[in-house]
Number of protein chains: 2
Amino acid sequence: MRKTDRAAAPGGNAMLVLALLSTGEMYGYQIIEELERRSERVFRLQEGTLYPLLHSLEKDGLVTARNAQAPSGRPRRYYRITAAGQRALEEKEREWRVYAGAVHAVLAGCTP
Amino acid sequence: MRKTDRAAAPGGNAMLVLALLSTGEMYGYQIIEELERRSERVFRLQEGTLYPLLHSLEKDGLVTARNAQAPSGRPRRYYRITAAGQRALEEKEREWRVYAGAVHAVLAGCTP
DNA sequence: CTATATACCTGGATTATCTAGGTATAGTAT
DNA sequence: ATACTATACCTAGATAATCCAGGTATATAG
């Protein structure tokens, strides 16, 4: 994650990636571009952040992966969210809402 | 930060602490309790997180500190936000709003 | 035939935060 | 008196997320 120079949330990237995958199968490079598009250029995941993250999500059973050829012939690795991944996503979203709500409460109370 | 078990934002703690200090002088222990109170128990800064953070804010000129005695006699270290700290706070708040807005956009677009 | 975009990957550094301690005083309970 | 709890500050070392800076390879455009 770059762009806004560290306003990010750790573990937050996992939530965003899982959210994207909940709309359907995607490969790594596509995730980077989709995230950039949907966030209107706010997020731009570094490859060095995304690929290790995908590997750890896979290791934790939150996504599965399969290799395939693009129409162009280039090899791609497609990721799909699992049922456990869906549950983890819902949990992370809940936590995010609690966290963001609390940040808002503190800021609103301090700089009204 | 604990409680919601990692939904946090790095550098986000600095924003929250600066926001609290923008309401007036505070000492470390008080910051922890005020933050817990204002967030309605969502945040509970670890001492091992707060004190080093305060030292780095001081080193960066965003806060100043002075030692004083509590009415009880216990020594305390009071922190006060500087003009540079105010500017940094405003900038961090701006970044936070951009980041939180983008997260919301992605989540809303994925799980409508 | 070279440059660019696509597509995947890793090692090592950086940074924030956590864990788990330590010190010391004041007030409260036994 | 004495122990326990709450207050109040601090630090060293570990962990984890992310960044940085590379590397590899194929397809397409110039």
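None of these values were measured; they are calculated from a predicted model.
At whole-Å resolution of the value, NZ in B:K59 and P in D:dC10 are 15 Å apart. Counting to the nearest Å, the C1' atom of C:dC9 and the CG atom of A:L50 are 11 Å from each other. The CD atom of B:Q46 sits 17 Å away from the P atom of D:dT15 (whole-angstrom rounding). For the pair B:Q30 CD and D:dC9 P, the computed distance is 9 Å after rounding to whole Å. One can place CZ of B:R44 at 16 Å from C1' of C:dT17, the figure rounded to the nearest angstrom. Atom pair B:E47:CD and D:dA12:C1' shows a separation of 15 Å (rounding to whole Å applied). Per the geometry, CG belonging to A:L54 stands 14 Å off C1' belonging to C:dT10, to the nearest Å. What separates CZ of A:R77 from C1' of D:dT24 is a distance of 17 Å, to the nearest Å.
Of the side-chain N and O atoms in B:Y27, one or more sit less than 4.0 angstrom from OP1 or OP2 of D:dA8. Using a 4.0 Å cut-off, some side-chain N or O of B:R76 falls inside it from OP1 or OP2 of D:dA8. OP1 or OP2 of C:dA26 has not a single side-chain nitrogen or oxygen of B:R74 nearer than 4.0 Å. Remark: B:Y51 is in phosphate contact with D:dC9, judged by side-chain N or O atoms under 4.0 Å from OP1 or OP2. When the side-chain nitrogen and oxygen atoms of A:N13 are compared with OP1 and OP2 of D:dA17, none of them lie within a distance under 4.0 Å. An OP1 or OP2 oxygen of C:dC8 is reached within less than 4.0 angstrom by no side-chain nitrogen or oxygen of A:H55.
Using a 4.0 Å heavy-atom criterion, one finds that A:G28 contacts the sugar-phosphate atoms exclusively.
Side-chain atoms of B:T49 do not come within 3.5 Å of backbone N or O of B:L45 as any donor-acceptor pair. Proximity of a side-chain donor or acceptor of A:T23 to a complementary backbone N or O of B:C110 within less than 3.5 Å is not detected.
With D:dC10, C:dT6, D:dT7 as the choices, the nucleotide that has an atom nearest any side-chain atom of A:Y29 turns out to be C:dT6.
Judged by the 6.0 Å and 45° rule, A:R76 forms a cation-pi pair with A:Y27. The cationic atom of A:R66 (NZ for Lys, CZ for Arg) lies less than 6.0 Å from the six-membered ring centre of A:Y78 and within 45° of the ring axis.
Within 6.0 Å of NE2 on A:H55 lie more than 12 heavy atoms contributed by other residues, nucleotides or ligands.
Of the residues near DNA chain D, A:G48 and A:S72, the one whose nearest nucleotide (by heavy atom distance) lies more toward the 5' end is A:G48.
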